[in-house]
Peer 1: 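Below are the structure tokens for one structure; questions will follow.
Note: hydrogens, waters and symmetry copies are ignored here, and every other heavy atom, side chains too, is used. All chains are named by letter (A, B, ...) in the order of the sequence lines, taking the proteins before the strands, and each is independently numbered beginning at 1.
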Amino acid sequence: MRRGLEPHLAGARLVRVDQRRPDLRFPFPNDFAARLKGARVMALNRRAKYLLAPLDTGETLVAHLGMTGRFTVEGRTPGDFHYAAGADPKHTHLVLVTDGGIAISYNDARRFGYMALIPTASLDQSPYFKGLGPEPLGPEFGAQVLVHAFAGRRQSVKVTLLDQRVVAGLGNIYVCEALYRARINPERQAGDLSPAEIKRLAKAIISVLAAAIDAGGSTLRDYRSAEGALGYFQHAFQVYGREDEPCLTPRCNGQVTRLVQGGRSSFFCRVCQR
DNA sequence: CGATGCCCCTGAGAGC
DNA sequence: TGCTCTCAGGGGCATC
């Protein structure tokens, strides 16, 4: 999403802001539209699951997409891009128009997303970012991070990986897929994993995320890239959403199991994930 | 500390 | 066609 939006947003000035309702998951910031209008977007960054747009006003627009949140870009000419392709316009809650003549709309059926404006200078100290773990594709992430985080931890490795304080930005799909790639049963206590297993897991996390980004993300239900394109990593899911289907590991002959952990579905193969 | 369930909200799909 | 039920890329909070 960040990669799709960046060319349209970074460097652009927001000439019109159409805020269509007072809240998403939380209320929009006070005077939200007025604080955005006229501002120049200096860059488009990401930390964990947050999109970050530092503005020339000294504030940074922070956006979390929740489950169904989606930014869509509309081109200068109708047909340039798919305008909120596949999205019900009644759930378009915010439209930003840039001086480049581009409209960027935020659509979110369930409204689990939220936005904030935080002084750029104190971003790292804000409650959104304080305490977040390292970026899994960043230089500081590796097996050692997990070795420390897992030590003595009795919680399941699945639930531990979804904890944003351990690693930032992993969600349900990619945790399931990473555990499959690492051949680790999601029910295992984090503190019981061997160094070799943790090493496999760290590598699996990195490889599954890199592959998914390469594929343009995973299109399930609502997700599309900023320019309306469908990601296609969902076709590469090896366990997620494949309950009762055969395990794809050669000669395994197991089948994919679903179980609920921490209120979310885990998908895995009991035969090859130990 | 950890597990569980409920909540926010809307829509899709299955089964009857 | 319509109803009811379950489930959904997230995550905060209360309870036990």
Peer 1: Does a side-chain N or O from A:His91 land closer than 4.0 Å to OP1 or OP2 of B:dC9, or not?
Peer 2: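 No, outside the criterion.
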Peer 1: Without decimals, in angstroms, what is the distance between A:Leu162 CG and B:dA3 C1'?
Peer 2: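 Roughly 14 Å, once rounded to whole Å.
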Peer 1: Under 3.5 Å, is there a donor on one side chain and an acceptor on the other for A:Thr68 and A:Arg110?
Peer 2: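 The answer is no; no qualifying pair exists.
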Peer 1: Looking at A:Arg274, A:Arg188, A:Arg183, which hits salt bridge (Lys or Arg N to Asp or Glu O under 4.0 Å) with A:Glu197?
Peer 2: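 Considering A:Arg274, A:Arg188, A:Arg183, a salt bridge (Lys or Arg N to Asp or Glu O under 4.0 Å) with A:Glu197 is found only for A:Arg188.
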Peer 1: Consider only side-chain N and O atoms of A:Arg13 and A:Thr98, and report whether a donor and an acceptor are under 3.5 Å apart.
Peer 2: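 There is no such pair between these side chains.
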Peer 1: Give me the distance, rounded to whole Å, that separates C:dC5 from B:dC6 when you measure between the P atoms they each carry.
Peer 2: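 C:dC5 and B:dC6 have their P atoms separated by 15 Å.
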Peer 1: Ignoring hydrogens and geometry beyond distance, is the side chain of A:Arg264 in donor-acceptor contact with the base of C:dG10 at under 3.5 Å?
Peer 2: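 Answer yes: a donor N or O sits under 3.5 Å from an acceptor.
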Peer 1: Suppose you measure atom P in C:dC3 against the same atom in B:dC9; what distance do you get, rounded to whole Å?
Peer 2: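 My reading of the P atoms in C:dC3 and B:dC9 gives 23 Å.
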Peer 1: Going by centres under 5.5 angstrom and planes under 30 degrees, do the aromatic ring of A:Phe112 and the base ring of C:dG11 stack?
Peer 2: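 A:Phe112 ring does not meet the centre or angle cut-off for C:dG11; no stack.
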Peer 1: Is the phosphate of C:dG11, meaning OP1 or OP2, less than 4.0 Å from a side-chain N or O of A:His64?
Peer 2: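 Checking A:His64 against C:dG11: at least one side-chain N or O falls below 4.0 Å of OP1 or OP2.
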Peer 1: Distance check needed: C:dG11 P versus A:Leu24 CG, whole Å only.
Peer 2: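 Result: 15 Å.
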Peer 1: Identify whether any heavy atom of A:Gly263 sits under 4.0 Å from a base atom; if not, whether one sits that close to sugar-phosphate; answer base, sugar-phosphate or nothing.
Peer 2: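 Touches nothing.
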Peer 1: Show your reasoning for whether side-chain contact (heavy atoms from CB on, under 4.5 Å) applies to A:Asp108 and A:His93.
Peer 2: CA-CA 7 Å; A:Asp108 189 352; A:His93 308 307; 3.9 Å; yes
Peer 1: Rounded to the nearest angstrom, tell me the gap between atom CZ in A:Arg188 and atom C1' in B:dG2.
Peer 2: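 That distance rounds to 18 Å.
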Peer 1: What nucleic acid atoms does A:Arg154 come within less than 4.0 Å of, heavy atoms only: base, sugar-phosphate, or nothing?
Peer 2: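 Answer is sugar-phosphate: A:Arg154 comes under 4.0 Å of backbone atoms only.
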Peer 1: Which one of A:Gln261, A:Arg270, A:Lys158 satisfies the side-chain hydrogen bond (donor to acceptor under 3.5 Å, both in side chains) criterion with A:Glu187?
Peer 2: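 When side-chain hydrogen bond (donor to acceptor under 3.5 Å, both in side chains) is applied between A:Glu187 and each of A:Gln261, A:Arg270, A:Lys158, only A:Arg270 qualifies.
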Peer 1: Do A:Tyr114 and A:Tyr50 have side-chain N/O donor and acceptor atoms under 3.5 Å apart?
Peer 2: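 Their side chains do contain a donor-acceptor pair, which is all the 3.5 Å distance test asks for.
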Peer 1: For C:dG11, which nucleotide in any strand shown is its Watson-Crick or wobble partner with both distances under 3.5 Å?
Peer 2: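 Here C:dG11 is engaged in a pair, and the nucleotide opposite it is B:dC7.
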Peer 1: Side chain of A:Gln155, heavy atoms from C-beta onward: which of C:dG11, C:dC7, B:dA3 has the nearest atom to it?
Peer 2: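 For A:Gln155, the side-chain atoms sit closest to B:dA3.
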Peer 1: Given atom NZ of A:Lys158 and atom P of B:dT4, what is their separation to the nearest angstrom?
Peer 2: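 Distance, rounded to whole Å: 12 Å.
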Peer 1: Measuring from the side chain of A:Arg110 (C-beta onward, heavy atoms only), which nucleotide among C:dA8, B:dG2, B:dC8 has the closest atom?
Peer 2: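 Minimum distance to the A:Arg110 side chain belongs to C:dA8.
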Peer 1: Tell me which of A:Gly152 and A:Lys90 sits closer to the 5' end of DNA chain B, going by the nucleotide each one is nearest to.
Peer 2: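 Result of the comparison: A:Gly152.
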Peer 1: Find the distance A:Arg25:CZ to C:dG10:P and express it as a whole number of Å.
Peer 2: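 A:Arg25 atom CZ is separated from C:dG10 atom P by 12 Å.
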Peer 1: Return yes if the base of B:dC9 and the side-chain atoms of A:Arg111 contain a donor-acceptor N/O pair under 3.5 Å, otherwise no.
Peer 2: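 Answer is no: no donor-acceptor pair is held.
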Peer 1: B:dC1 and C:dG10: how far apart are their C1' atoms, nearest whole angstrom?
Peer 2: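 These two C1' atoms come out 23 Å apart once rounded.
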Peer 1: Could you give the CZ-to-P distance, from A:Phe26 to C:dC13, as a whole number of Å?
Peer 2: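 Between P of C:dC13 and CZ of A:Phe26: 8 Å.
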Peer 1: In whole angstrom, give the distance that lies between atom CG of A:Asp88 and atom P of B:dG11.
Peer 2: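 It works out to 6 Å between those atoms.
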Peer 1: Under 4.0 Å between a side-chain N/O of A:Gln164 and OP1 or OP2 of C:dG11, yes or no?
Peer 2: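 Yes, within the criterion.
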Peer 1: Compare the minimum distances between each of C:dA8, B:dG11, C:dG10 and the side chain of A:Tyr240, then state the nucleotide with the smallest one.
Peer 2: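 That would be C:dA8.
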Peer 1: How long is the line joining CD of A:Gln261 and P of C:dA8, in whole Å?
Peer 2: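 In whole Å, C:dA8 P lies 13 Å from A:Gln261 CD.
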Peer 1: Taking only side-chain N and O atoms of A:Ser265, does any of them lie within less than 4.0 angstrom of OP1 or OP2 on C:dC7?
Peer 2: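 No, because none of the side-chain N or O atoms of A:Ser265 sits under 4.0 Å from OP1 or OP2 of C:dC7.
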